[in-house]
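Here's the structure we're looking at; comments come further down.
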Amino acid sequence: MAAAAKAGEATLRHAFGNVLSFFILLLIGVLAFSIRLFSVIKYESVIHEFDPYFNYRVTQFLTKNGIYDFWNWFDDRTWYPLGRVIGGTVYPGLTLTAGTIWWLLNSLNIPLSVETVCVFTAPIFSAFASWATYLLTKEVKGAGAGLTAAALLAMVPSYISRSVAGSYDNEAVAIFALIITFYLYIKTLNTGSLFYATLNAIAYFYMVCSWGGYTFIINLIPMHVLLCIVTGRYSSRLYIAYAPLVVLGTLLAALVPVVGFNAVMTSEHFASFLVFIILHVVALVYYIKGILSPKMFKVAVTLVVSVGLVVCCAVIAILVALVASSPTKGWSGRSLSLLDPTYASKYIPIIASVSEHQPPTWPSYFMDINVLAFLVPAGIIACFLPLSDASSFVVLYIVTSVYFSGVMVRLMLVFAPAACIMSGIALSQAFDVFTRSIKFQLLRILGFSEADAGDGSSANVVPENDAVKVDKSEETIKERPSRKNKKKEKEQMEKAQAEKTSAKSKTEKRLLVLPMELSVIGLLLLVFMGAFYVVHCVWAAAEAYSAPSIVLTSYTHEGLHVFDDFREAYAWLRHNTEVDDKVASWWDYGYQTTAMANRTVIVDNNTWNNTHIATVGTAMSSPEKAAWEIFNSLDVKYVLVVFGGLVGYPSDDINKFLWMVRIGGGVFPHIKEPDYLRDGQYRIDSQATPTMLNCLMYKLSYYRFVETDGKGFDRVRRTEIGKKYFKLTHFEEVRQS
Amino acid sequence: MGVRRKMALRFDLIIFTILLFASPVLSDLILSKVDRRIDLTSQIVRITSTLKVENEGSEPVSEVLLAFPDLQVKDLALLKASPHEGKGKVKSLSASLPVENVKPNGMPAALTFYAVKLPKALGKGDSYTFDVLAVFAHALRPFPEKITQADIQLVVFQESAFYLTPYVVKVQSLSVKLPESRIESYTKLENTKIHGSEIKYGPYENLPSFSYSPIVVHFESNQPFAVGQEVVREIEISHWGNVQVTEHYKLVHGGAQNKGEFSRLDYQARPTIRGASAFKYLIAKMPPRVHSVYYRDEIGNISTSNLWGDSKKTELLIEPRYPLFGGWRTAFTIGYGLPLKDFLFELEGNRFLNITFGSPMNELVIDNLIVKVVLPEGSGDISVSAPFPVNQWEETKLSHLDLTGRPVVVLQKTNVVPEHNQFFQVYYKFSKLSMLREPFMLIFGFFSLFVAGIVYMHVDMSISKSSAAYLARLQWDEVQAAIQQVENVINRCLTTHDKLEASLRDLSRTGDVQACKAARKAADGLLKELSKELKLVLSFLQSSSAASQILPKVEELVAKEKDLQEKVMAKHSTVVDCYEKKTGIRDSENRVAAQQQKITALRQEVENLLELIDEI
C-alpha cells in the first residue's frame, strides 16, 4: 500500500485500496463463517435446538416434492387431529434459500445432503450479513467505518448465538435481509436511483419471506422518512427511496402466503401507508411552492390547511373507529407485547412461557454485545457530526432497536447490527484521529517541512504501521482501512471526539491533532479493547453458543461424557413404533419429534392453537385416569416426558410443569395453579400438594425413580421426592432413555 | 411343546412324501462314513459334513448328490464342498469342489439336490472323502416367540438325526454344538449322549437311502440375532489414492420379540439378567490402515463407538443408539476410507479392484445385500468376477465434477452370511490421463471466470452506440477525466503553495532572501503553466453539456484557488519585503497573521470543494 501510494498516482492508489478492501472483506467473510463452526468441530454437523428441526423438515419436503407441493403442503403429522397448512403458515425465505442452494449444488453434481446445506446456511449468511454491514456503514460514514463495522458484526456474540452452524432458523437469513434492505434504502436515499429503489423492494420482499421481524423495517423506514420531513430534509431522493418501496414492497409482501392481506390490513403496516400519504402531501406542497410565488403560496397554504384539517380529522376518526373495533386493536399478540411489555404476561401465557420472549438482564447485554455497549454512544455522537440522511437513519435504527431489545431477549439480534455499525463508526473515527495525530507529531519531530506533508504522507504511514503491527491481526485489519481512508474523511467528523476542546489552540492546523503520548495511549487502549472483544467473541462462540442442545456433554474426571438421550428416544420411536402412532409431549418437543422420530404429534412449537396446547397441559396436570381419557380421545399411543432429575439436566418437564398448569388452566378452569403450589411455592418433595403428587407429569417423571438410589433424590430440584412408591394404572412404561 | 409336535408332524409329512416317491438307489455309490457337526453357537447354523463316498458299482462316477429338504433350502445361504484335508485345513478356497443345483429324475419332490463334482471319476471300489459346509441363515426359531425383558431367549432347531441322502450310509454320527449348556429339551434317540453343551447322536450304521429321523433341540441362545434386512455397501474408487466404503444398514433383532415394557432402570442395574436377549453392540473387522471412520444415522452422529487396531486389522465396535431387544429395529450408516494401493491392482493394462464382498460385521445375517462399486468417470470394459453367483447390473452415478457420470457396478445377493465375506474382483480399464480431467476442468473453470471478469470490465457492452444514454455516458466519462485533471492541477497548485510556505520558513531560519526569491520565481512560472492548463480544461468543461451540473462547483473551485494563489503570493511578498527591509517585523507579523488566517480559510474551502467534487 505504501509503495503504491508513494507513486503518487491517485488512481493506482484507489485501485490498490479497493483490492485491499476486497481482501479484507473476504477475510471478514471467512472469519464470520469459521467462527461459527465451533459447533461442528466440538460436536458434529447437526441441526440444533427446536425450531431448526421444523425448518429442516420443511426443507426436506421442499427438496423432495418440489415447490408447488410445498405451497400446498398440508401437514397431518402435527397438531393431530387438526393438522397444519405448512405452505400458508410458514415464512418460506429460509427454506427456499436452502432449497435453492441444495438444488444448485446438486445440479452442479455436488452431492451434498439437505442436512449439510441446512447446517451451513447460517454461517454463509452471516458472512453475507457482514458484507451487507460494510455496504451500509460505507454509505453512512465511509469505507473505513464500513470495514470496522463488518469485522465487528462478523463476530458479535448476539448474532453468533443465532447463526452458529446448525442453527437453521429464520433469523439466520433474516439479519442479512434486514441489513441489505437498510443498505439499499440508504443507497437509494443517497443516489436517488430508481434502480436501487427496485432492488430495495426486492430485498424487502426477501425479508418478508424470511422473518416476521420485517414489520420492524416497515415501521422504521417510515419513521425515518417522517423524521426527514419534519427536520426539513425532504428531497426527491427521499421520495424515490420511499414511495417505490411501499408500493412494490407491499405488493410483493402480499404474495407471501403467510402475510397475504395482512400486508394491508393489520396495524403493523399502517404507519407505512400513513407516511406514504404524508410524503405525497409534502411532495405536492414542495411542488406547489416551486411554481407559485411566495405570496400566492401563503394564500394557498391557509386554504389547503383549513380544508385539509377537516378531511384529515374525518379520516383519522374513521380509522380509529375501525381499528378500535377489533379486540387487539389490529395488532398481533407479539407486536403488542413489544409495545406494551407487560401485555404478554397479562394475557398470553404461551408467549410469556418462552424464555426468549422475556426481557433481557443487564449481564446479557454485556454477554451479547460486550464492548460495543460502550462504543455505541461515541458512534451516535459521530453520527451527528455532521447529521446526514443516512446517519440520521442509523441513529433512529439504534434508538428503536435498543428499546425492542429491552423488551424481548430475542430482539437483541436486531440490536446487534445497529450496535456494530455505531461501534464501527466510533472505532474508525477514533483510530483516524489518533493515527493522524501521531503522523503529524512524527512529522514535527522529524523536522519535515509542512510542504512535504502532502507528498510524504503515505510514506510516513509505514513507521506507524510498524508500531501497530505488533498487535493482534484483527486490529491491524481494522486500522488499515481507517488510515487508508483518512483522505476521504471530512474534517468536521473529527471534531466529534471528546477531546475537541484542545483543538482550538491549533486552528492553523488543518486537522485536529492530539498530543503524541495521548494518541499512542489512546490507540493502545483501543487496540486492547478490540482484543478483549475478539477474545470474548471467540469464547462466546466456542463455549456459550455452540451446544446443539440435543446432545449434551459434561466433563467428568473420567473425561468427556456425552448424553445423547434425546436422539436415542427419537431414534427408538422412529424405528420401533407404527408409522401412524401419535406421540404426546409438551410442545417444546413437537418439532423434534416430527423431524427426528417422524411420528405424529399433538402439539408443536408453532403455538398457533392455544386450546390444543392447553388440552395437553391439562392432561399432564390431571390425575392418571382423567389424563388417560384425554389422551385416548386424541388417539395418543405414546407420551414423551423429559426428566432430568437423575443426571441433573435442569430444563426438563418438571421444571416446565407450572407453565403447563397455567396454560391448561387458562382454557380449562378446573386446573387451578394454587392447587399445585404449597404456600405459593412450587415443590415436589413431601410438602407438595396432593394434586401435584397425583398428576400425570409427576407420576410419569418419578415412576420407579426411588429405585435408582433408594431415596429418590432429585438432582435438579435438590430434594427428595414426595411420593416414592406408586404404580401406574393407566399408563405403561414403554422405554426409558 | 405344541409347536414341537407340529414340527414333528411336518417332518413326518416330508418323510411320507419321500417314501412315496422313493426310487431305487440312484447309483452304486455308497457313503461309507458320514460325520456331521452342527454348530449352533451363533444365530447362523453351520453344518459341516465329512462324507466318504465309495463306488461299489462298475461304472465310474464323478458326481455325488446332496439332498436338502425344501424347507431348509430357503434358509440355505451357502453350500460349499471341499476335499477333506484333515482338521484345521478344511477351508481352503482354491481347492473347493464345484457344486451345482440339479434336478435328477425320479427323485422326491420335496427335496432339492445339489451335485458335487469330484476332481476325478471314481472307479470301482475307489473312495473319496470331502467336506460339505452348509450355512443356514434363519434356521433357528425363537420359542416362545415373545418374551419380556427379563426372560432369556430360547430357540428351537430341527434336523434329522440321520443324514438325508439318496445313498446308503454305512456309518454316520452327528454332533450338535450349543452356545450354552442350558438345554430346555432335545429329542432323545438311541445312542444320544450329552456332553456339556454338546449333544451327540450316533453312530448309526447301515441306514438305507432317505432315512430320516427328526430331532428338535430347544435351548438357550442369547447370542445377538442381528439381521440386516437391507445392507447397501457403496465402494467408491478414487484414483487419487482412496477407496471410500459407505455401508447403510437396516438392522433388526431377529430373535424372540420383546413384549411389554422396557425399563432402563432394570437394564442398567442388571444388564446380563434383565436384557440378556438384547444385543448391545456389533463388532466390525475392518482391513488395516482404515481411516476416517464414521458412524451415524439420519439424525446425526452416534457417539457410542470405539475403534482400535494394529497392523493386521482394525476393529470397530459400534453400539446402536439403544440396546436392541427382539423385534426392535434400527438403521445406521458407517463409512471409512481405505488406502487405494491395498485394494487396486494393475494387470496387463487392466485395473482390478480386489475387495471383500460382505459386510465386515461379525456374525451378521443379511437378507438382502447390495454392493455398489463406483468406478471413476471414464472407465470402461467392466467385468466382475465373484466367487458365488450374484445378480448384477450397471448404473451411473453423478458426483463431484462429473459430466457423464461414474459407472457403477451393482451386485445383489440375498441371504448373506459371514462366509460370503470373500474377495471379488472388478476389472476395468481406466487411462491415467482421465485422472487429470477434473483438475483441468477446475483450472479451466476458474480461468474462464477471470477472463469473463476481465472481458466484462473492459468491453463496451452497450447495444446501441448512438443512443442518448450511451452518448451521455461517454460524455460523462470525458467530463470525469477532465475533472480529474482539474483536481490534479489544483493539487499541484496547492503543492506549489506549500513549497512557497516552506521557502518562507527556510527564510526565517537561514535569512537567505535570494533563495526565497528564486523559489518564488519558480513557483510563479509553475503556477502560470498550471493556470494555462486549467483554462484549457475549463473551456472543455464549459463546452460540454454533461458537465453543466458540476461546472459551477468546478468554477468555484478554480476561483477560490486563484484567490488563494493571490493571497499566498501576497503573503510571500510581504514576508520577503519585511526581510529585505529588516523593519517592522512585529508589524509585518500582524499583517501576515491576518493574511495567514485568510489563507487557511481559503485553503480549507478549496480542499472541501475538492472532496465534494471527488465524491460527485
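The sequence lines fix the lettering, A, B, ..., with proteins before strands; numbering per chain opens at 1. These numbers come from a predicted model, not from an experiment.
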A:Glu115/B:Arg296 ion pair, N-O < 4.0 Å: yes

Just so I understand: if I count every heavy-atom pair under 4.5 Å between each of B:Leu398, B:Asn301, B:Leu500, B:Thr304 and chain A, which residue has the most? B:Asn301

According to salt bridge (Lys or Arg N to Asp or Glu O under 4.0 Å), who are the partners of A:Asp389, at least two apart in sequence or on a separate chain? A:Arg233, A:Arg237

Pair count under 4.5 Å, heavy atoms only, with chain B: among A:Asn576, A:Leu112, A:Asn106, highest is A:Asn576

Check each atom of B:Leu401 against the heavy atoms of chain A and say whether the ones under 4.5 Å are side chain, backbone, both or neither. backbone

Donor-acceptor contact below 3.5 Å, side chain B:Glu377 vs main chain B:Thr404: yes

By salt bridge (Lys or Arg N to Asp or Glu O under 4.0 Å), B:Lys397 pairs with (sequence neighbours left out) B:Glu234, B:Glu236

Among B:Val252, B:Thr330, B:Asp297, which residue has the highest count of heavy-atom pairs closer than 4.5 Å to chain A? B:Thr330

